[in-house]
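Numbering starts at 1 and runs along the sequence shown.
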Amino acid sequence: MNIKRRILSCIILLIFLAVICLIGYFNQEKVETMGRAAGGEDSKKIALTFDDGPHPYYTEQLLKGLKERNVKATFFITGQNVEAYPDIVKEIHENGHLIGNHTYSHLQLSSQNAESFKQEIIKTNEVIKEITGEDTIYVRPPYGSWNKEFEKELNMFPVLWTIDPLDWCSSDVSCIVDKVCAKAGENDIILMHDQYKTTVTAALKIVDELMEEGYEFVTVDELLFD
């Protein structure tokens with residue numbers, strides 16, 4: 001009888017331990033699934049940015065594709081295009097993308113035009129605020145030319161880039177996609193231009209490929225300050 005009781009006790013103990021393990025396993029699966037749905041700790045953040053727009057056709061096509069993929073991007077727009085296409089600027093803002101300043105006329109800073117450059121940034125901030133109702137605090141200086149003194153004077157943060165596929169001078173979608181995806185890494189900032197059909201097609205392919213690799217597309221402020 002003692003032997004039988006011991007065997008029975010062992011069987012009951014094993015069953016009890018197995019039940020505990022199964023409960024732990026299923027709870028772990030639920031936690032991992034929730035994490036993946038929300039981006040999770042394992043997701044790699046990357047930012048997609050577009051300069052020179054908005055364009056009256058290609059920007060809207062790009063916005064449509066990004067919305068279908070639930071992806072947010074950052075648009076550095078020029079003041080003259082803001083005034084020309086205010087409805088598209090409003091759509092960019094309402095879709096939850098981040099809007100940055102790219103001067104009024106795509107002016108490159110030099111030692112001779114510092115004051116004109118600063119005034120273009122101020123003017124562009126004003127026309128953007130008229131449409132979005134919000135201040136613009138991020139600026140991408142054309143060609144990357146910048147003066148750190150402007151950061152205090154204008155209370156703005158310059159945003160450059162880490163990946164430049166030179167999409168503006170290429171009509172080869174595959175080439176643009178390959179250049180970006182081959183170099184892409186966590187916290188990278190991709191520079192593109194929403195002025196070309198090729199760029200729109202390439203950008204959406206880049207999004208699809210990098211999302212499959214576990215990347216999460218965010219606006220640049222999330223990379224800079226999160």
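With hydrophobic clusters built from ILVMFWY side chains whose heavy atoms lie under 4.5 angstrom apart, Ile190 shares a cluster with Phe75. A single hydrophobic cluster is not seen to contain both Leu107 and Leu191; linkage of ILVMFWY side chains at heavy-atom distances under 4.5 Å, directly or through other members, places them apart. Note: the hydrophobic cluster containing Val159 does not contain Ile163 (ILVMFWY, side chain heavy atoms under 4.5 Å, direct or indirect links). Tracing side-chain contacts under 4.5 Å through hydrophobic residues (I, L, V, M, F, W, Y), one reaches Leu204 starting from Met192; they form part of the same cluster.
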| request: Before giving the answer on side-chain contact (heavy atoms from CB on, under 4.5 Å), spell out for Ile131 and Val82 the whole-Å C-alpha distance, their side-chain angles and the decisive distance to 0.1 Å. | output: CA-CA 9 Å; Ile131 297 170; Val82 173; 3.5 Å; yes
| message | Walk me through whether Tyr58 and Thr199 qualify under side-chain contact (heavy atoms from CB on, under 4.5 Å). | response | CA-CA 9 Å; Tyr58 295 128; Thr199 293; over 6 Å; no
| Which is it for Thr74 and Tyr138 under the side-chain contact (heavy atoms from CB on, under 4.5 Å) test, yes or no, and what are the steps along the way? | CA-CA 10 Å; Thr74 303; Tyr138 299 99; over 6 Å; no
| request: Could you give me the CA-CA distance, side-chain angles and deciding distance for Phe117 and Trp146, then say whether side-chain contact (heavy atoms from CB on, under 4.5 Å) is met? | output: CA-CA 10 Å; Phe117 181 87; Trp146 182 246; 3.8 Å; yes
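When the shell of 6.0 Å around NZ of Lys72 is examined, it contains more than 12 heavy atoms from other residues, nucleotides or ligands. The 12-atom threshold is not exceeded at CD of Glu149, counting heavy atoms of other residues, nucleotides or ligands nearer than 6.0 Å.
To the nearest 0.5 Å, atoms NZ (Lys44) and CD (Glu216) are separated by 12.0 Å. Rounding to the nearest 0.5 angstrom, the gap separating the CG atom in Leu98 from the CD1 atom in Ile137 is 8.0 Å. The CD1 atom of Ile206 lies 7.0 Å from the CG atom of Leu48; values are rounded to the nearest 0.5 Å. The distance from the CG atom of Asp51 to the OG1 atom of Thr103 is 10.0 Å, given to the nearest 0.5 Å. Atoms CD1 and CG, from Ile92 and Leu66 in turn, are 10.0 Å apart once rounded to the nearest 0.5 Å. Rounding to the nearest 0.5 Å gives a distance of 7.0 Å between CD of Glu209 and CD of Glu212.
In the model, His55 has no side-chain atom that pairs as donor or acceptor with a side-chain atom of Asp194 under 3.5 Å.
Ring centers of Phe225 and Phe157: under 6.0 Å apart, within the cut-off. The six-membered or imidazole ring of His106 lies near that of Tyr143, with a centre-to-centre distance under 6.0 Å.
The pair Glu120-Lys123 fails the salt-bridge criterion, with no side-chain N (NZ, NE, NH1 or NH2) lying under 4.0 Å from an Asp/Glu carboxylate O.
Hydrophobic cluster membership for Trp168: Leu166, Tyr196 (Ile, Leu, Val, Met, Phe, Trp, Tyr linked by side-chain heavy atoms under 4.5 Å, directly or transitively).
Checking Asn81, Thr78, Asp52, Thr124 one by one against His102, the side chain to side chain donor-acceptor pair (under 3.5 Å) holds for a single residue, Asp52.
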Distance-only criterion, 3.5 Å: show the donor-acceptor pairs between side-chain atoms of residues 172-186 and protein atoms not counting sequence neighbours.
from   : atom 1 : to     : atom 2 : distance (Å)
Asp172 : OD1    : Ser174 : N      : 3.1
Asp172 : OD1    : Cys175 : N      : 3.1

